[in-house]
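All figures in this text were calculated on a predicted structure; none of them were measured in a lab.
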Amino acid sequence: MEEVEVPSYFVCPITLDVMRDPVTLPTGITYDRHAIHRWLRLAASCPLTKLPVAPDCEPTPNHTLCRLIRSWCALHRPDDAVDHTMKSAPADCARLAALVSRLADAKNKRPSQEALAALRELRDVVAEGERGRELVAAVPGSADALLDVFVSSATSAPENSAAALDVISSLRLPERCLARAVDRDGAALVGALVSTLQGHSGPDADAASRARAAVLLADVMACMSPSRAASLPEQAFVEAVRLLRGDDGMGASTSMATKAALRVLAGATAHGRNRVKAAEAGAVAALVDMLLLVNGERRRAWCELALCALNRLCGCAEGRAALVAHGAGVAAVGAWVAGASMAASAKAVRVLRSIARHTATVAVVQEMAATGAVGKLCLVAASVPEEEWQWCDERTRERARETLRLHARAWRSSPCLHPTLQALYPC
């Protein structure tokens, strides 16, 4: 049969496909419901007109257009006609709005068991897939209500808090929602997350819940002002280190938990006051141990985050002392100099420069040569940009040369430095 041209007003401007559930924005433009809901989660404007759209706007169902599309599909696409319906979307939206309303009243007016029942029902909806997540996220005030329940229930009703965190993690809240929560009471939100990291989330608490809390903590920190981010409680670093090591009694740390803990440590140590807290919590040793255990291209991003955190931790005396005190600290960092990753190599060179500049005892200087760190620095310093070392930028080369000049006399005469590398040693 000859293909029939689809009427242009049946096509969603976002998906460029026949709409299944057409809805109209206040701007007068009609879109497919799931497509526009996904768009509005990221940008509060109409895709075509660029006019602003209120965050709590609920598009109006276009029933006339829906009937036309269903009639056209029944005539020209009978096999696909059953898909172009609005079977349960309005009912789903009404039911989900009622559940969110119950959560909004959960603090003072509703018993905790009723709130828990609502949370479990919402968790079942988001577990159904992308469509369920979009429906929950599209309910006005759903993100704020879930975050409020998570915070208010962290100590009084930990089971509710764990269920709320499960839904929040599935929704992948946009930055503006988290920023609103931080503005309302960022300290309380961080406190609730730390409480979850400590395992105070009731019978449902497990390694996955702690990992979700770490992921959300890293996202929340990205929305904080520097002054707020620099005031994280010491326990946050203790729990991040525990999560990184997998010291939760449940075996090795999961991939999600490891990456989340690394994000927390790398992000938080950008602020000076946090560096001492992280160093005292044992972050340096945990990061070095991770560098020693991790291998394979798949984990390269982890090592880049770990080296980023180590570089920042070496900005304080406590961090540098912890690195040189670790039996394999210098060797683990030096292994990533002149490696396969430009970012990792740059961070590793900066860590070694910091050690050579501020913590260079005779033993440390000898260790840098004996473990091959000096040899790697020679390779970087003498590399030619146009040839094999294209991954190494000029700033990294200059830092390597600067580091070598700090202890040139000791390293030139070191028996640990291969003669070939001594020939590459810059003057």
| message | Let me confirm one number: the CG-CG distance from Asp183 to Leu189, rounded to the nearest 0.5 Å. | response | 11.5 Å

| request: Could you walk me through whether Leu147 and Ile168 pass the side-chain contact (heavy atoms from CB on, under 4.5 Å) test, one step at a time? | output: CA-CA 7 Å; Leu147 286 168; Ile168 290 168; 3.7 Å; yes

| Do side-chain atoms of Ser354 reach the backbone of Arg350 as a donor and acceptor pair under 3.5 angstrom? | no

| said: Is there a salt bridge (Lys or Arg N to Asp or Glu O under 4.0 Å) between Asp289 and Arg245? Walk through the geometry before answering. | reply: CA-CA 9 Å; Asp289 290 345; Arg245 289 188 177 280; 3.0 Å; yes

| field | Any Leu287 side-chain heavy atom under 4.5 Å of Leu307 side chain | value | no

| message | With a 4.5 Å cut-off on side-chain heavy atoms, are Leu323 and Cys314 touching? | response | yes

| field | Side-chain donor/acceptor of Arg102 to backbone N/O of Ala115, under 3.5 Å | value | no

| field | Smallest separation among heavy atoms of Thr196 and Leu165, with atom names | value | CG2-CD2, 3.8 Å

| request: Look up atom SG in Cys303 and atom CE in Met290, then write down how far apart they are to the nearest 0.5 Å. | output: 4.5 Å

| message | Just verifying a value: how many Å separate Leu99 CG and Arg120 CZ, rounded to the nearest 0.5 Å? | response | 14.0 Å

| task | Check whether any side-chain N or O of Trp39 sits under 3.5 Å from a backbone N or O of Ala44 as a donor-acceptor pair, and report yes or no. | result | no

| Close side-chain approach of Pro47 and Ile36, heavy atoms under 4.5 Å | yes

| field | Chi angles and distances behind the side-chain contact (heavy atoms from CB on, under 4.5 Å) call for Val284, His326 | value | CA-CA 9 Å; Val284 173; His326 193 290; 5.8 Å; no

| request: Show the numbers, then the answer: is there a side-chain contact (heavy atoms from CB on, under 4.5 Å) between Leu232 and Met221? | output: CA-CA 9 Å; Leu232 286 179; Met221 285 169 45; 3.7 Å; yes

| Can you list the steps and then say if Val125 with Arg95 is a side-chain contact (heavy atoms from CB on, under 4.5 Å)? | CA-CA 11 Å; Val125 172; Arg95 177 169 61 89; 4.1 Å; yes

| Lys/Arg-Asp/Glu bridge criterion (N-O < 4.0 Å) met for Glu394, Arg399 | no

| Pairs meeting criterion salt bridge (charged side-chain N to carboxylate O under 4.0 Å, His left out) with involvement of residues 305-327, two or more places apart | none

| field | Residues that Arg172 engages under salt bridge (Lys or Arg N to Asp or Glu O under 4.0 Å), provided they are two or more places apart | value | Glu130

| Tell me, do Ser345 and Trp336 make a side-chain contact under 4.5 Å, heavy atoms counted? | no

| Counting only heavy atoms not in Glu398, do more than 12 sit closer than 6.0 Å to its CD atom? | yes

| query | Can Arg180 and Asp144 be counted as an ion pair, charged N to O under 4.0 angstrom? | reply | yes

| field | Close side-chain approach of Leu171 to Leu146, heavy-atom, < 4.5 Å | value | yes

| task | Could you pull out the closest heavy-atom pair between Ala214 and Ala260, with the gap in Å? | result | CB-CB, 3.5 Å

| query | Are Thr24 and Thr30 close enough that a side-chain donor and a side-chain acceptor fall under 3.5 Å? | reply | yes

| query | Is Lys277 reaching over with its side chain to a backbone N or O of Phe237, donor-acceptor style, under 3.5 angstrom? | reply | no

| request: Of all the heavy-atom pairs spanning Asp32 and Val18, show the shortest one and how long it is. | output: OD2-O, 4.3 Å

| request: Quickly, which of Val53, Ile29, Leu25, Asp21 forms a side-chain contact (heavy atoms from CB on, under 4.5 Å) with Pro59? Name it, please. | output: Leu25

| query | Is the side chain of Ser101 donor-acceptor paired with the backbone N or O of Ala97 at a distance under 3.5 Å, no angle test? | reply | no

| message | The criterion is salt bridge (Lys or Arg N to Asp or Glu O under 4.0 Å); which residues satisfy it with Glu402, sequence neighbours excluded? | response | Arg353, Arg357

| message | Looking at every heavy atom in both Met224 and Val190, which two are closest together, and how far apart are they? | response | CE-CG2, 3.1 Å

| said: Among Arg212, Arg263, Arg176, exactly one meets salt bridge (Lys or Arg N to Asp or Glu O under 4.0 Å) together with Asp219. Which residue is that? | reply: Arg263

| field | Minimum heavy-atom distance Val288-Ala332, with the two atoms named | value | CG1-CB, 3.9 Å

| message | Taking Ala257's backbone N and O only, do any of them form a donor-acceptor pair with Arg210's side chain (distance below 3.5 Å, no angle check)? | response | no

| field | Leu51 side chain near Ser45 side chain, heavy-atom distance below 4.5 Å | value | no

| message | Using a 3.5 Å distance criterion without hydrogens, assess whether the side chain of Ser161 forms a donor-acceptor pair with backbone atoms of Phe150. | response | yes

| Hey, does Leu122 have a side-chain heavy atom less than 4.5 Å from the side chain of Leu103? | yes

| Separation between OG1 of Thr371 and CD of Gln366, rounded to the nearest 0.5 Å | 11.5 Å

| query | So among Leu40, Thr15, Leu48, which one has a side-chain contact (heavy atoms from CB on, under 4.5 Å) with Tyr31? | reply | Leu48

| Looking at Ala163 and Leu119, what are the two nearest heavy atoms and their distance? | CB-CB, 3.9 Å

| query | Hey, what do you get for CD1 (Ile355) to CE (Met368), rounding to the nearest 0.5 Å? | reply | 8.0 Å

| message | Under the criterion salt bridge (Lys or Arg N to Asp or Glu O under 4.0 Å), I'd like the reasoning laid out for Glu304 against Lys347: C-alpha separation, chi angles, the key distance, then a yes or no. | response | CA-CA 8 Å; Glu304 291 174 356; Lys347 298 299 182 186; over 6 Å; no

| Is it true that a side-chain atom of Asn62 and a backbone atom of Val23 form a donor plus acceptor pair closer than 3.5 Å? | no

| said: I'd like to know if the side chain of His407 reaches the main chain of Ala356, judged simply by a donor and an acceptor atom lying under 3.5 Å from each other, with no hydrogens or angles considered. | reply: yes

| Is a side-chain N or O of His271 found less than 3.5 angstrom from the main chain of Arg273, in a donor-acceptor match? | no

| said: As an exercise, state the distance from CG of Asn160 to CG of Leu116, rounded to the nearest 0.5 Å. | reply: 4.5 Å

| request: May I ask you to test the Val238-Gln198 pair for a side-chain heavy-atom distance under 4.5 Å? | output: no

